[in-house]
Protein chains: 2
Amino acid sequence: MSGTDNHLQTAIEYISKYIGNVQEEELELLLPLVRFANYQKGDLIYKYGEIPKSASFIITGAVRSYYFDEDGKENTVGFHFENEPAFPYGSFVELVPAATSFVAMEPVAVVWISRHDFYHFLETFPRFEIGIAKVLSEYLIKGGQHLKLMRIDSSRERYKKLLELQPEIVTRVPLTYIASYLGMALETLSRVRAGKL
Amino acid sequence: MSGTDNHLQTAIEYISKYIGNVQEEELELLLPLVRFANYQKGDLIYKYGEIPKSASFIITGAVRSYYFDEDGKENTVGFHFENEPAFPYGSFVELVPAATSFVAMEPVAVVWISRHDFYHFLETFPRFEIGIAKVLSEYLIKGGQHLKLMRIDSSRERYKKLLELQPEIVTRVPLTYIASYLGMALETLSRVRAGKL
DNA sequence: TGCATAATTTGACTTGCGTCAAACTCCTTT
DNA sequence: AAAGGAGTTTGACGCAAGTCAAATTATGCA
C-alpha cells in the first residue's frame, strides 16, 4: 500500500471521526479538497499574527503550540500528536490573527484543507458545521484540562497530574517544553522528577 | 412594553447573534421552544455531575461557574453576565456529566431551550449547528484568556491584567470569588489592591 | 572515536505568597 | 440604634519555588 493510500485512509477516518456517517456524494466533493504536507523538525506550521488559511490534522509526528507573553517569555499551550487536529481553531473560525504558533517537534505529516475550500463546501453541506463544533469542543475540553492542571498550586502535584492525564507527553517531549507547559522553572521540574521536592 | 415582550426581544437578539440572518420559518419553529426562568441569589442553575438538559442565556444578572478539586477546594472558572451564555457547554454538546456548577450571584433572568428541543430543531435546520460552534468558540476564547491570565506568575500582574480585560468583574463580584478566579489567596488579593505587594 | 553543543541536574541564595490569627469595616435585620 | 455576621484588611512567620551559576550527562556530527 502506498503512502498516499495510507494518507487518504487517514483523511477519511478524520472525516468520519468528526462528522459521523458520511454520504457518498459528500465524500466525493470533500476528498478532492484535501491535501497533504510534510514538515521537518523545527518547521513552523502556523505563525502567530497570521490568519490561518487552513486546518491541519496530524497523521504522524508531534506538534507544539505556544505564544509569547508581554515580557517575551515563550509559553507552551499544548502538544498535539497523531490523529489530532493542530491549528489555531479560534482564529480559524473567527477569522482573526492567531495568538499562537504551531511548530513541528519531530518530522510531521498532516492532512489539511484550506479555509476557503472548506467554507465553500459548507455552503453545499451545512451539516458539516458539526465537524467544527466537534473540533472546538475537543479543544475546549483539552484547554479546560490544562487550566485545571495549572490551578494546582504545588509543582509536584502538577507534574503528577500530567503523568496521569497525558503520560505520552513525558516520553516524547523535551523537559524544557514540559516545564513551560506546566508553568514552572526547568530546574523545578528537574527536581520534582528526581523526587527532591 | 411588558417584561415578556422584552424577554422575547432578548431571545431574538441571541438567536441572530449566534446564527446571523434568520428566516421567518426558522424563527417560527424556534421561538415556541424558548422558555424563560428566574433565579434568586445563591440558586444553582446547573449542578456538577448532572448532564445539562438545557442551554441558558443570561438576560439580566450575574452568574459564577466553579468546580471542586480533589482536595475539595472550590475553584472559580468564570463569571457570566448579561447577553452571555451560561451553561456547561462541553457537557451539553458531548452529553457527559458536567464538572462545573453554575450559581446566581445576583437575581438572574435567563432564556433557555431544552437540549431535546434544540437538537430536534437541528434536524430540520442543520445550519443552526453554526450556533453551537459560535457559543463554543466564544467559550474557547474566554477559556484561553483565563489560561493566559493564570500563567502570569506575579499576583500583582495577574490582577492588573484582569482589570484590563474584564474591569466589570471587579465592581460586581465579591473579593473571595475574584481571588479564587485568579488562583490566589484572598489575603494576597487584598494586599495587592492595597498596593502592598 | 572524540569533540562541541545541547539538555539536564545540582547547589546556594532570595523572595513572593500561602497559612494562621486577629482586628476592623460595612451591611443587614430586629 | 444595637447586635450579629459577612466581607475585608493587617500582621507575623515559614516554605515552595524562582533565579543565577556551575557541574554533569546526553547527543549529534565531523
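Everything numeric here is computed off the predicted structure, so don't read it as measured data. Below, chain A is the first sequence line, B the second, and so on; all start at residue 1.
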Distance, rounded to the nearest Å, where [X] contributes [atom1] and [N] contributes [atom2]:
{"X": "A:L186", "N": "C:dA6", "atom1": "CG", "atom2": "C1'", "result": "12 Å"}
{"X": "B:R193", "N": "C:dT25", "atom1": "CZ", "atom2": "P", "result": "17 Å"}
{"X": "A:E187", "N": "C:dT8", "atom1": "CD", "atom2": "C1'", "result": "10 Å"}
{"X": "A:R151", "N": "C:dG18", "atom1": "CZ", "atom2": "P", "result": "12 Å"}
{"X": "A:D71", "N": "D:dG18", "atom1": "CG", "atom2": "P", "result": "15 Å"}
{"X": "B:I178", "N": "D:dT8", "atom1": "CD1", "atom2": "P", "result": "8 Å"}
{"X": "B:L182", "N": "C:dG16", "atom1": "CG", "atom2": "P", "result": "18 Å"}
{"X": "A:K73", "N": "D:dT19", "atom1": "NZ", "atom2": "C1'", "result": "12 Å"}

Taking the side chain of [X] as heavy atoms from C-beta outward, which of [options] is closest to it?
{"X": "B:M184", "options": "D:dA17, C:dC17, C:dG18", "value": "C:dG18"}
{"X": "B:S154", "options": "D:dT9, D:dA17, C:dC17", "value": "C:dC17"}
{"X": "A:L197", "options": "D:dA16, C:dT8, D:dG18", "value": "D:dA16"}
{"X": "A:K196", "options": "D:dT19, D:dT8, C:dG11", "value": "C:dG11"}

Checklist entry - Are B:S56 and B:Y46 close enough, and set up right, to give a side chain to side chain donor-acceptor pair (under 3.5 Å), and what steps lead you there? => result CA-CA 10 Å; B:S56 297; B:Y46 295 97; 2.8 Å; yes

Next on the checklist: At less than 3.5 Å, do the side-chain atoms of B:R156 and the base atoms of C:dT15 form a donor-acceptor pair?
Outcome noted: no

Checklist entry - Does a distance-only test, which skips hydrogens and angles, find a donor-acceptor pair under 3.5 Å between the side chain of B:R191 and the base of C:dG18? => result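 When only heavy-atom distances are counted, B:R191 does not reach the base of C:dG18 through any donor-acceptor pair under 3.5 Å.
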
Checklist entry - Is it true that the NZ or CZ of A:R172 lies under 6.0 Å from the centre of A:F79's six-membered ring and within 45 degrees of the ring axis? => result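 No, A:R172 does not sit over the ring of A:F79.
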
Next on the checklist: So, does A:T176 get its side chain near the phosphate of C:dT8, meaning an N or O under 4.0 Å from OP1 or OP2?
Outcome noted: yes

Checklist entry - Strictly by modelled atom types, are B:E74 and B:S180 linked by a side-chain donor-acceptor pair under 3.5 Å? => result no

Checklist entry - So what does B:S190 touch, heavy atoms closer than 4.0 Å: a base, only the sugar-phosphate, or nothing? => result base

Next on the checklist: Between A:Y177 and B:D153, which residue's closest nucleotide on DNA chain C lies nearer the 5′ terminus?
Outcome noted: A:Y177

Item to check | Close side-chain approach of A:L27 to A:I15, heavy-atom, < 4.5 Å | outcome: yes

Checklist entry - How far apart are the C-alpha atoms of B:E157 and B:K160, what are their side-chain angles, what is the distance that settles it, and do they pass the salt bridge (Lys or Arg N to Asp or Glu O under 4.0 Å) test? => result CA-CA 5 Å; B:E157 295 303 315; B:K160 236 175 85 184; 3.6 Å; yes

